[in-house]
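Before I ask anything, here is the structure I am working with.
Just so it is clear, the structure is predicted and the values come from calculations on it, not from any experiment.
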Amino acid sequence: MALFLSRLVKPALVRRSSSSTVSLLLSNGFSTSLRQTPPCSIIGAKPCLPLEYFYRSGLGTLIIANANVADMSCLVRLEKKVPVDLVHNDPDDTMVTIGASHGWVASLKDDGILRLHDDLNPVASDTDPKRIQLPPLVTLPHCQTKIITNVSMSSPSPEDDEDCVVAVKFLGPQLSFCKPSGKSSKPEWTNIKIENSCFYSSRVMFSKKDNMFRIPGSGGHLIGSWDLHEPNDKLKLQSVRFENLPPKLPTNIRELMDSCCMSQHLVESPSNGETFLVKQYRKTAKFVEGVAQMKTQYLMVFKLDDEGNAVYTQDMGDLTMFLSMSEPFCVPSTSFPGLLRNNVYILDFDETAMVNLVDVYPFVATNGKSDAPYYIPPQYILD
């Protein structure tokens, strides 16, 4: 089954990979007019042969799935070599990927240092991969920095954009920011302790339109923001008012929603900066080796304006939305033939699903393990 994507707020310009990899990418659903990759997901990495070389190098060839292809031809086996532990984590779990943004994957080792890698970007160079080591994490009192909710970046170029800010949301009250390439001083963390517990399990996102990081509270009734131009150790809060709610739902649907765990996502349109607030309802589908596997049961999407009015909608227009362990995004559906408009594509460690907003039920949903549940947004291929 195809895994799904299309064009980010600002597609990143990336270093060109090998000519054979570029040719393979362009022959598998890529836009030849723009030389731009379609959205894709990470499937795995096949160990490089002979095995002696793999055991010595830890490298494998990257396997991706294009979002705009609906059959098994979506799978693309690239010649690009990547560290296998970035895809599957290493056997001892000393390397753990904990999020992704703009095609960069973040990892956290036992040493407590967060690193950014562009290895899983399908068109980034495998002969000159970029790895950025951030300063050691600083744990605020009564906080923790071992479990990370997600990672967000203000720019796709943390290696050379001195204004790029990396935001890391930890489970609990801590939210941390760092400029990897800041020229004025040595990179360091700016740490915020969020007082309101409704943000403790929330995910942070970057708004290009507002040039600030935003974070939805539990239930979506509050949104916090942090302005890049006005750094402050406190979040600015905005109340959300829900409007145009659907007619009274059938009893079985309401009971289903009540039995689910709800999560919130903020997603920004690349074309006009329109912001969507998404409520995702999930519940346990089954247990595997004592671990609950979750499945999406219902989805609600709201158009959010600057005053905090959230209007329920079942029509995003010519947009397709992507929710995964990467920073969420949406893209114009017509960017790549085969991409379904007004759909939300979902990828998690134990679920792959697709939801048509008119039906609001997942009409494609599978449970299965995914070690790297990341959607990679479109990238321009440089000559």
Side-chain angles (χ1 to χ4, degrees), residues 3-6 8-9 39 41 67 98-102 148-154 167-171 175 194 198-210 212-226 235 238 240 242 257 260-270 273-283 294-305 308-314 316 319-331 342-357 360 362 365 373-377:
L3 301 173
F4 336 86
L5 247 88
S6 186
L8 181 62
V9 174
S41 58
I98 45 81
S101 178
H102 291 283
I148 293 177
T149 304
N150 80 307
V151 175
S152 172
M153 297 196 310
S154 64
V168 183
K169 176 62 178 65
F170 302 92
L171 184 63
L175 175 62
I194 303 173
C198 78
F199 296 105
Y200 284 6
S201 61
S202 299
R203 292 162 56 92
V204 64
M205 61 82 74
F206 180 73
S207 169
K208 181 183 177 182
K209 179 186 71 172
D210 299 320
M212 63 176 59
F213 288 97
R214 308 184 75 189
I215 182 170
S218 177
H221 297 282
L222 277 179
I223 293 178
S225 62
W226 189 81
L235 286 178
Q238 180 186 51
V240 176
F242 291 96
M257 295 170 69
C260 291
C261 298
M262 185 180 67
S263 57
Q264 301 74 221
H265 311 270
L266 288 175
V267 191
E268 190 171 272
S269 166
E274 187 171 33
T275 302
F276 297 94
L277 173 62
V278 183
K279 292 187 177 185
Q280 181 183 11
Y281 296 84
R282 305 178 77 209
K283 68 181 300 183
M294 306 290 286
K295 181 178 178 181
T296 299
Q297 302 291 329
Y298 202 80
L299 211 64
M300 298 184 75
V301 176
F302 300 84
K303 293 182 179 180
L304 184 68
D305 66 18
N309 300 306
V311 181
Y312 175 75
T313 183
Q314 290 181 282
M316 296 188 298
L319 290 175
T320 303
M321 185 180 293
F322 301 88
L323 304 179
S324 72
M325 298 307 291
S326 296
E327 186 170 3
F329 60 93
C330 57
V331 302
N342 204 38
N343 275 252
V344 179
Y345 292 80
I346 299 169
L347 179 62
D348 209 327
F349 286 105
D350 48 20
E351 179 188 25
T352 301
M354 185 164 61
V355 180
N356 185 305
L357 287 191
V360 301
Y374 306 122
Y375 282 124
I376 304 298

Over all atoms of both residues, closest heavy-atom pair of Ser269 and Cys330: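 Heavy atoms of Ser269 and Cys330 come nearest at CA-SG, 3.5 Å.
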Over all atoms of both residues, closest heavy-atom pair of Leu304 and Ala310: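 That closest heavy-atom pairing would be CD1-CB, 4.0 Å.
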Spacing of CG belonging to Leu235 relative to CG belonging to Leu222, to within rounding of 0.5 Å: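 Going from the CG atom of Leu235 to the CG atom of Leu222 covers 10.5 Å.
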Residue of the set Asn150, Val168, Val151 for which side chain to side chain contact (heavy atoms under 4.5 Å, CB included) holds with Val204: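 Among Asn150, Val168, Val151, the one meeting side chain to side chain contact (heavy atoms under 4.5 Å, CB included) with Val204 is Asn150.
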Under the salt bridge (charged side-chain N to carboxylate O under 4.0 Å, His left out) test, residues paired with Asp210 that sit two or more places apart: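 Arg214.
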4.5 Å side-chain heavy-atom contact, Ser202 and Ser218: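 The answer is no; the side chains never approach within 4.5 Å.
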Shortest non-hydrogen separation from Ser152 to Phe213 and the atoms involved: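 Between these two residues, the closest heavy atoms are OG-CE2, 3.4 Å.
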Minimum-distance pair of heavy atoms, taken over all atoms of Pro373 and Phe349: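 What the structure gives for the nearest pair is CD-CE2, 3.5 Å.
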Between SG on residue Cys260 and OH on residue Tyr298, distance to nearest 0.5 Å: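 Here the rounded value is 11.0 Å.
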Closest contact, heavy atoms only, Val331 versus Phe322: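 In terms of heavy atoms, the two residues are closest at CG2-CE1, 3.5 Å.
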Side chain to side chain contact (heavy atoms under 4.5 Å, CB included) partner of Phe276, the single match among Leu266, Leu319, Val344: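 Testing Phe276 for a side chain to side chain contact (heavy atoms under 4.5 Å, CB included) against Leu266, Leu319, Val344 leaves exactly one candidate, Leu319.
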Modelled atom types, side-chain donor and acceptor of Thr296 and Gln280, under 3.5 Å: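 Yes, a side-chain donor-acceptor pair sits under 3.5 Å.
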Whether Lys303 side chain and Leu277 backbone form a donor-acceptor pair below 3.5 Å: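 No, the answer is negative, given that no donor and acceptor are paired below the 3.5 Å cut-off.
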Residues His265, Arg203; criterion side chain to side chain contact (heavy atoms under 4.5 Å, CB included); working and verdict: CA-CA 7 Å; His265 311 270; Arg203 292 162 56 92; 3.9 Å; yes
Phe242: partners by ring pair (Phe, Tyr, Trp, His ring centres under 6.0 Å), with sequence neighbours left out: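 Listed in chain order: His221, Phe302.
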CD on Glu274 to CG on Asp305, rounded to 0.5 Å: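 With rounding to 0.5 Å, CG (Asp305) is 9.5 Å from CD (Glu274).
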Given Met300, Gln297, Met262, the one that forms side chain to side chain contact (heavy atoms under 4.5 Å, CB included) with Met257: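 The passing option is Met300.
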Spatial distance of atom OG1 (Thr320) from atom CG (Leu357) [nearest 0.5 Å]: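 The distance works out to 9.5 Å.
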For Lys209, all residues meeting salt bridge (charged side-chain N to carboxylate O under 4.0 Å, His left out), sequence neighbours excluded: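 Partners of Lys209 under the salt bridge (charged side-chain N to carboxylate O under 4.0 Å, His left out) test: Asp306.
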Derivation of the side chain to side chain contact (heavy atoms under 4.5 Å, CB included) call for Cys261 and Met294: CA-CA 9 Å; Cys261 298; Met294 306 290 286; 4.1 Å; yes
Minimum heavy-atom distance Tyr374-Gly99, with the two atoms named: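 Smallest interatomic distance, heavy atoms only, reads OH-N, 3.5 Å.
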Polar side chain donor-acceptor pair, Glu327 to Ser101, under 3.5 angstrom: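 The answer is yes; a qualifying pair exists.
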Distance in Å, Tyr375 OH paired with Ser326 OG, rounded so as to fall on 0.5 Å steps: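 The OG atom of Ser326 is 9.5 Å from OH of Tyr375, to the nearest 0.5 Å.
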Residue pair Met321, Val278: steps toward the side chain to side chain contact (heavy atoms under 4.5 Å, CB included) verdict: CA-CA 10 Å; Met321 185 180 293; Val278 183; 3.4 Å; yes
Separation of Lys295 NZ from Ile346 CD1 (nearest 0.5 Å):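 One gets 11.5 Å once the value is rounded to the nearest 0.5 Å.
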